[in-house]
Amino acid sequence: MASLTDLEGRLAGLGLDSPFPAVPAANALTKPIDIYRLHLASLIATTLECDVAAAYEAISTATDLTLADLAVVVPKLKPKDVKDIKEFAVELVQKLPTSPLYAVPYPDGVQLRFFFSQKTLPLLMLPYIRERGTTYGEDHAQGLQDPANPDGGRKNIVVEFSSPNIPGDFNGTHLRSTIIGGFVAKMYECMGWDVVRMNYLGDFGKNLALFAVGWDKYGSEEALEANPLEHIMDVFVKIEADFKPEMDASKQAKNENKSTAEIESQGIFAERDGFFKRLEDKDEEALAFWKKFRDITLAKLEPAYARLGVTFDEYSGESQPLQETMIEIEATLTAKGVLQESDGSQIINFEDHGHRGLGTVIVRARTGSSTYFLRDLAAAVDREKSHAFDKMIYVVASKQNAHFHQVFRTLELLGREDLAKKMQHVSFGDVTGMAPHVKKTMSLGQILDDVAEIVQTAEAEGGKENEDGGDEAAADAGDCEDKPASTGGGDPAAVGGLLSLDLFGKRSHGYAFDKKRMAAEEGDSCRLLQREHAKLFSVIADLKGADGGEADGEDPTPDHAVLQKDESIDLLRMMAQYPDVTASTFKALEPHGLLSYLSRLAEASSYELDAEGDDGGDENGAGPSSAAPEEETAESRKAKLMLYECVKQVLGHGMNLLGVPPIC
Ligand code: ARG
């Protein structure tokens, strides 16, 4: 990547010879907007004789590009002896020297608004994006232990996500965890971290033990062979029904503040807990049972994950935390007076430790078995040893907010504040109204089949209405030679539809299984991104073809004049914002802002192709391509080609972060 000096050299070529001022918060090498902000900050600092870092902080990026690219919030400059700040803003316009980077600013209340200069924008932005290539939008310094010492090692993170149960259905929360977790992992990679993707299967504990009881009663090897997941769920549903009266009786006793000891020491309770005890005592037969069903489930899950473009470095699970670690944790908690006995179980009462509202949690059950909670504590301690992580993120539904609060607070009570500080729970709302699509026996593969059908039906209906739609470009495009790495292999349209639904709103908002939103190709939609990306792919191929391939003739010098129209300039202005968008997306770990930015970029790209007549109009000369300007030259084609390649690259990069596979 070019250095700051190279960048200064390029600016000198545009008529700017002042070096970049030193502002630690700025990074002109990864964020082109910082070139503009730094330059403007130094103009303001010289004009008003104020601190350049303070001037930099007073400049914000516009959210509405119809108003400006940047805005100086004048009160933030804290000008001395000023009575009327609005008047001062008007005076400042007169005082500021003109610059090749900006058009003349205009005052708007207490702000000064700046548009980038149209003339220099393509000259600055196109080489900037092209030089950075597929790393444009990334900031690898974020993942360094010490940014001042780039050779001093990278930070690593464990991202734990998906984590379905065995036996169990792949429900809405596992689906969302898979999608959001995949996105979180990619965001960290984009910022230069080393990422371990971990799936913490619910492969141990009461559910598996209950299933073992059910297997003895209802299991059939033939049925398992014919339809593994269906049969597993079938057995589980039957044993759950048998167990319900006992569970209800136990719940009622609890509500009446009575001991549950007697109820839980007989019947299915006793059979279940007996099996779990054998499993924890590493009884060979019990372990073989566990392994058999874990392997069957994984064999079914992995191809479904591949369809979503999601991979894991490690299939961990509740079976993995070490017994020794659990015993050590309990010993420390006891020594610190944190564990107490209640009705035969070992519990923590958080109220006693100043954590109001966190209630109590069972650490070890009356039966002597570990709990989900204890296993999570031990898993955290074990993983710290095995992975030496700098950070660990759990991508789990907000239903488990209290659980993770309790886990983190208990680590603090253990004296492991250092470890608790490294952990974060990234939560999300549930999927509602998935029925009738998601039944009790829904697997990830079935969910994807369902979505594929919905999207195909919508496509067939849409195709009838809009015979010469833009999708033809995609159909022409053939194979995407530069398919972003690690995106979905199988059903790009179905994955696009599913992600449109999932990434549409804030993480915390649940959503309903909405066919319309899945099929939509407008608004904030992953399918819109796929369509425009495919269109660009085919237009770029055409433009390259028109010049007989770059390998043949001389590479023409791009004629940037062709990019002076509003549509092209808007694309460049939007692309300048991309690294700021990825930075804020990384901070909040909210994918919807990125989806919305990319959807606007895709729309702007479609306006540009329309305006240029490059949008794949039909071969009979009708449609937009017949309006192509006659004076088109190899040089102007080259400039357009550079612009389109940049747009396609930014779109592709963002799609890859979101997990949206290209359709070409
Ligand atoms: N298997 C759990 C469930 O389905 C999710 C596991 C979340 N991760 C954790 N470390 N507790 O609810």
Side-chain angles (χ1 to χ4, degrees), residues 157-182 184-185 196-211 229 232-233 236 240 276 290 293-294 297-298 300-301 304-305 310 312-322 325-326 329 358 361-363 370-384 386-387 389 391-411 416 419-420 422-431 434 438 440-444 447 507 510:
I157 181 167
V158 173
V159 182
E160 191 219 271
F161 63 107
S162 194
S163 309
N165 299 325
I166 303 172
D169 54 339
F170 199 96
N171 63 32
T173 65
H174 302 124
L175 180 66
R176 292 210 76 188
S177 173
T178 310
I179 293 170
I180 296 170
V184 168
V196 173
R197 291 166 166 81
M198 183 180 284
N199 195 328
Y200 184 66
L201 298 167
D203 63 347
F204 217 59
K206 290 179 186 167
N207 271 1
L208 184 77
L210 180 63
F211 172 68
L229 292 189
I232 291 174
M233 275 316 296
F236 190 57
E240 266 190 323
F276 188 37
W290 159 80
F293 286 95
R294 189 181 202 267
T297 313
L298 270 186
K300 283 281 170 191
L301 266 177
Y305 283 137
V310 169
F312 290 95
D313 300 298
E314 214 176 303
Y315 284 97
S316 172
E318 289 182 48
S319 58
Q320 300 304 303
L322 299 173
T325 313
M326 295 192 220
I329 288 173
L358 277 189
V361 70
I362 300 181
V363 176
S370 66
T371 54
Y372 177 62
F373 181 76
L374 180 56
R375 292 193 285 279
D376 250 332
L377 286 178
V381 172
D382 287 347
R383 283 179 207 170
E384 194 201 23
S386 55
H387 292 83
F389 56 78
K391 191 171 171 88
M392 174 151 68
I393 285 184
Y394 298 91
V395 185
V396 184
S398 41
K399 273 187 224 157
Q400 298 200 32
N401 280 354
H403 168 77
F404 283 103
H405 269 125
Q406 290 172 335
V407 169
F408 300 163
R409 293 297 82 78
T410 306
L411 287 173
R416 294 302 319 270
L419 181 54
K422 292 182 186 174
M423 320 224 295
Q424 185 185 348
H425 173 206
V426 170
S427 64
F428 52 83
D430 208 343
V431 186
M434 276 176 104
V438 176
K440 189 77 184 154
T441 56
M442 204 69 179
S443 68
L444 176 57
I447 296 174
R507 273 193 277 114

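Atoms within each ligand, like the ligands themselves, are counted from 1 in listed order.
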Checklist entry - Which class fits the ring pair W290 and F204: parallel under 30°, tilted 30 to 60°, perpendicular over 60°? => result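 Answer is perpendicular, since the angle exceeds 60°.
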Checklist entry - With K391, which residues qualify under salt bridge (Lys or Arg N to Asp or Glu O under 4.0 Å), at least two apart? => result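 Here no residue qualifies.
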Item to check | Residues forming a salt bridge (Lys or Arg N to Asp or Glu O under 4.0 Å) with E318, sequence neighbours excluded | outcome: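 Checked E318 against salt bridge (Lys or Arg N to Asp or Glu O under 4.0 Å); matches are R375.
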Can you give me a line-by-line list of nitrogen or oxygen pairs between ligand 1 and the protein shorter than 3.5 Å?
| from | atom 1 | to | atom 2 | distance (Å) |
| --- | --- | --- | --- | --- |
| ligand 1 | 1 (N) | S163 | O | 2.9 |
| ligand 1 | 1 (N) | N165 | OD1 | 2.6 |
| ligand 1 | 4 (O) | N165 | OD1 | 3.2 |
| ligand 1 | 4 (O) | N165 | ND2 | 3.1 |
| ligand 1 | 4 (O) | H174 | NE2 | 2.7 |
| ligand 1 | 8 (N) | E160 | OE2 | 2.8 |
| ligand 1 | 10 (N) | E160 | OE1 | 2.9 |
| ligand 1 | 10 (N) | E160 | OE2 | 3.3 |
| ligand 1 | 10 (N) | D376 | OD1 | 2.8 |
| ligand 1 | 10 (N) | D376 | OD2 | 3.4 |
| ligand 1 | 11 (N) | Y372 | OH | 2.6 |
| ligand 1 | 11 (N) | D376 | OD2 | 2.7 |
| ligand 1 | 12 (O) | Q400 | NE2 | 2.9 |

Checklist entry - Mind checking what makes side chain to side chain contact (heavy atoms under 4.5 Å, CB included) contact with A420, not counting sequence neighbours? => result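 A420 satisfies side chain to side chain contact (heavy atoms under 4.5 Å, CB included) with L411, E412 once adjacent residues are dropped.
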Item to check | Value rounded to 0.5 Å, distance of OG in S162 from CG in L444 | outcome: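 These two atoms lie 7.5 Å from each other.
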Next on the checklist: ring pair (Phe, Tyr, Trp, His ring centres under 6.0 Å) for Y315 and Y200? Distances and angles first, verdict last.
Outcome noted: CA-CA 6 Å; Y315 284 97; Y200 184 66; over 10 Å; no
